[in-house]
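Quick notes on the structure that follows.
Indexing begins at 1, ligand by ligand and atom by atom, following the structure's order. Please read these numbers as outputs of a predicted model, since none were measured by experiment.
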Amino acid sequence: MSIKNSNLGYPRIGEKREWKKTLESFWKGDLTEQQFEQKMKEIRLSHLQKQLDKGIDLIPIGDFTYYDHILDTAIMFGLLPERFRTQDANSLQTYFNIARGSSEQVAAEMTKWFNTNYHYIVPELGQAEPRLTENRLLHLYLEAKEELGINGKPVIVGPLTLVALSKGENKDQVIQKLIPLYVQVLQELADAGAEWIQIDEPVFVTSNANGALFSKAKEIYGTIRREMENTKLLIQTYFESVEQYEDLVSLPVDGIGLDFVHDSGVSLRKLKTAGFPKDKVLAAGVIDGRNVWKASLQKTVKLVHTILEAVDRDRLILQPSCSLIHVPVTAENEQQLDPLVKDALSFADEKLYELSVLTNFINFETEAEVLKEYDSATDQLSSSKLRNQSAVQDAMNQLDSFSTERAEAGLRRKQQNKRFSLPLLPTTTIGSFPQTKEVRAQRLKWKKGELTEKQYSIYIEEEIRKWIEIQENLELDVLVHGEFERTDMVEFFGEKLSGIAITTFGWVQSYGSRCVRPPVIYGDVLLEEPMTVKETVFAQSLSEKPVKGMLTGPVTILNWSFVRNDLPKSSVLNQLSLCIRKEVEALEQAGIAMIQVDEPALREGLPLKSEKWDKYIKDTVTAFKRSTASVQPDTQIHTHMCYSNFEDIIEAIDALDADVISIETSRSHGELIHSFEKYSYEKGIGLGIYDIHSPRVPAEKELVMNIKRALQVLDPELFWVNPDCGLKTRGVTETIAALKVMVSAAKSCREKASEAATV
Ligand SMILES: Nc1nc2c(c(=O)[nH]1)N[C@@H](CNc1ccc(C(=O)N[C@@H](CCC(=O)N[C@@H](CCC(=O)N[C@@H](CCC(=O)O)C(=O)O)C(=O)O)C(=O)O)cc1)CN2
Ligand SMILES: [Zn+2]
């Protein structure tokens with residue numbers, strides 16, 4: 001019997017973002033529901049066909065979605081948020097209302113999928129009776145079979161993970177009620193002929209996994225297995241190792257999927273020491289699903305041979321380490337990259353190719369030359385000048401000579417208070433203003449050569465001028481230039497720094513139809529000329545009020561890029577910290593007195609295993625401090641983070657030693673505020689007072705309440721008033737209207753706060 005290969009999930013967005021465009025056309029009303037469904041079907045089938053053509057044996061079904069696969073699963077089991085339960089669970093309208101909100105109802109919350117930049121819709125358990133609204137997987141399974149003759153592998157998120165990721169009190173009860181529904185879904189698939197079904201349980205890799213979780217898993221999967229027949233069930237984990245390896249591999253199912261790439265070598269060690277049950281199949285994730293570099297096939301073959309010492313050939317499946325939705329579709333269309341970089345890249349399609357070469361090699365012992373030849377592209381990049389910059393290496397050799405400590409915070413505060421004389425509860429925004437269709441269209445024209453550099457730069461300056469005036473009229477206290485010259489807060493810096501490449505079609509879904517093009521950090525990273533000084537200085541020249549310089553921090557650039565894998569991530573982080581430090585210095589020298597260094601990805605990058613936190617926090621906090629420590633005490637450093645869940649890292653946030661921090665709060669409904677009851681935070685802090693993810697203009701009363709609530713635990717002299725995050729995805733009218741309400745709310749709270757402050 002030969003070894004099979006499998007895929008865990010394929011990018012849904014399409015080679016040229018066809019999926020995104022279809023969705024947005026439908027939302028705009030340019031497609032009827034029928035046209036939309038038809039177009040989506042074409043996209044879905046073409047992705048299956050592609051995987052078939054690449055030689056994949058087990059092709060995932062059900063990974064495709066119209067927005068998010070967790071939302072699909074929640075709806076399939078009737079877990080609609082309470083406020084949507086009167087609507088038809090099977091209508092597209094309901095589906096998109098939950099995902100995006102409607103004029104009457106706020107959308108469901110979304111949050112990050114483990115340690116990735118993918119966002120899923122958080123299921124709300126409420127008081128609902130789970131029920132099967134529709135066996136969505138069965139339809140998709142039958143479609144693949146009938147249209148393409150593919151006997152696919154249905155993929156579904158497992159009950160433990162689904163419930164762990166949901167909001168609600170009654171989790172245990174809901175799980176019990178879900179079990180018969182899972183059995184029904186799976187049995188219908190089995191009856192239709194599904195040979196394997198993949199059940200994702202990534203909750204097993206987190207630090208929340210413990211003995212109790214595994215006893216529950218044993219019970220649940222025992223029930224499922226007992227009540228089912230004629231199919232094989234595979235429990236899939238990814239993104240880390242499973243500490244309770246023995247418990248996992250003894251669960252009563254037919255196959256276990258492990259990540260052999262992002263597990264610090266634990267899976268292989270466990271396999272060697274504890275062995276693998278003879279009656280199960282091991283699905284081994286051996287191709288990295290989280291980066292864009294070609295695998296070393298020679299090394300991977302060795303890895304597979306080591307695995308084969310513990311598992312029989314006919315009980316092994318080879319696969320990527322996780323779903324491929326976290327990488328772009330294909331590197332084939334990249335025409336702008338240096339050939340050395342391009343040849344070393346492997347996106348989803350190339351990874352599937354690697355998998356099939358690998359499987360063939362192991363099954364048929366084909367020529368070893370094939371592997372060597374494949375690996376040579378990586379060797380060529382590694383030894384090239386592109387990757388190795390002596391100036392960077394010299395700086396890294398004297399890293400300790402770059403300070404990481406500023407003057408004492410209290411002293412800085414005194415000097416800054418004197419320099420800025422801001423009112424109590426100063427108002428500001430997070431950086432970006434609406435990236436309108438027109439801004440994007442002008443940029444496209446410039447990129448195509450239809451606008452000269454000069455014309456584009458004049459256009460950007462006019463936008464800045466317009467928005468400085470708007471901010472002055474709103475009477476905001478600290479202004480921003482608006483980030484109009486930036487496609488994205490990470491991509492923009494990737495474009496400017498050397499050692500980093502920007503792809504043309506390397507898009508990855510971030511949430512819903514929104515995509516990002518993560519920069520590719522291929523070599524030593526160096527700042528050759530200032531990146532933001534021109535626009536910032538121009539904006540500052542238009543106002544007497546301080547304009548914040550606006551940078552993305554080293555941790556966020558690292559976490560939202562694809563990073564070279566020949567160096568430890570911490571080294572790349574240190575290189576980035578030196579680039580940002582130089583930029584901070586350039587801004588200060590140009591007279592900019594407040595500089596914001598955004599770190600929204602700091603929390604998301606926190607390792608899934610708590611024993612790895614200390615090192616991560618030490619590395620990231622030091623890098624941030626190195627980026628910002630060289631300025632004068634009276635230069636004010638701001639930072640910004642989104643996505644709540646800060647309780648566990650509040651000390652790290654404090655340790656960043658930023659003079660002012662703004663944090664998203666409104667969607668976490670005050671949970672964050674509680675952490676400040678227990679923790680005394682003594683630097684400037686703005687807890688976002690309104691949600692920017694919705695076009696809704698908040699009422700002044702609401703905002704006054706939010707401010708008051710925050711002032712119950714925070715010193716009014718340290719509190720800033722700002723929205724939750726940047727405003728780039730918002731429209732112009734609603735942005736101005738909402739900011740007007742915000743400034744007015746701040747003013748009305750000022751008097752009271754000033755009384756309180758003088759007592
Ligand atoms: N990297 C990153 N991650 C993040 C965030 C973030 O800001 N950046 N924020 C959080 C939420 N995530 C987000 C991710 C993406 C977008 C977003 O707006 N993405 C845009 C793309 C942004 C971009 O690069 N736009 C290009 C335009 C690319 C484009 O589509 N151009 C059109 C032409 C212009 C047009 O008609 O729109 C084309 O080529 O066909 C530009 O501004 O120049 C989108 O999907 O629509 C927003 C939030 C968390 N993660
Ligand atoms: Zn933000």
From the list W27, Y66, Y95, W19, ring-ring contact (aromatic ring centres under 6.0 Å, His included) with F36 holds only for Y66
- Give a yes or no on whether K20 atom NZ has more than 12 heavy-atom contacts from other residues, nucleotides or ligands under 6.0 Å away. yes
Is the cationic atom of K16 (NZ for Lys, CZ for Arg) positioned less than 6.0 Å from the six-membered ring centroid of F505 and within 45 degrees of its normal?
yes
- Task: Check the surroundings of atom NZ in K447: do more than 12 heavy atoms from other residues, nucleotides or ligands lie under 6.0 Å from it?
- Result: yes
Residues passing the ring pair (Phe, Tyr, Trp, His ring centres under 6.0 Å) test with Y120, sequence neighbours excluded, are W113
Please tabulate, one line per pair, the protein nitrogen or oxygen atoms found under 3.5 angstrom from a nitrogen or oxygen of ligand 1, with distances to 0.1 Å, or say none if there are no such pairs.
from     : atom 1 : to   : atom 2 : distance (Å)
ligand 1 : 1 (N)  : D488 : OD1    : 3.3
ligand 1 : 1 (N)  : D488 : OD2    : 3.1
ligand 1 : 3 (N)  : N117 : ND2    : 3.1
ligand 1 : 7 (O)  : K728 : NZ     : 2.5
ligand 1 : 8 (N)  : D488 : OD1    : 2.5
ligand 1 : 12 (N) : S510 : OG     : 3.2
ligand 1 : 18 (O) : R514 : NH1    : 2.9
ligand 1 : 19 (N) : C515 : O      : 3.1
ligand 1 : 25 (N) : R440 : NH1    : 2.9
ligand 1 : 30 (O) : R17  : NH1    : 3.1
ligand 1 : 30 (O) : R17  : NH2    : 2.9
ligand 1 : 42 (O) : R440 : NH1    : 2.6
ligand 1 : 42 (O) : R443 : NE     : 3.4
ligand 1 : 42 (O) : R443 : NH2    : 2.7
ligand 1 : 43 (O) : R443 : NE     : 2.8
ligand 1 : 45 (O) : K20  : NZ     : 2.8
ligand 1 : 45 (O) : C515 : N      : 2.8
ligand 1 : 45 (O) : C515 : O      : 3.4
ligand 1 : 46 (O) : K20  : NZ     : 2.6
ligand 1 : 50 (N) : N117 : OD1    : 2.9

For Q105 and N97, which I'm curious about, is there any donor-acceptor pair between the side chains at under 3.5 Å? no
For N333, the side chain to side chain donor-acceptor pair (under 3.5 Å) test, sequence neighbours excluded, returns E15
Practice prompt. On the 0 to 90° scale, with breaks at 30° and 60°, tag the F114-F239 ring pair as parallel, tilted or perpendicular.
Written response: tilted
Excluding waters, which are neither shown nor counted, protein N/O/S atoms under 2.8 Å from the Zn ion (ligand 2) come to 3
Residues L497 and L576: closest non-hydrogen pair is CD1-CD2, 4.1 Å
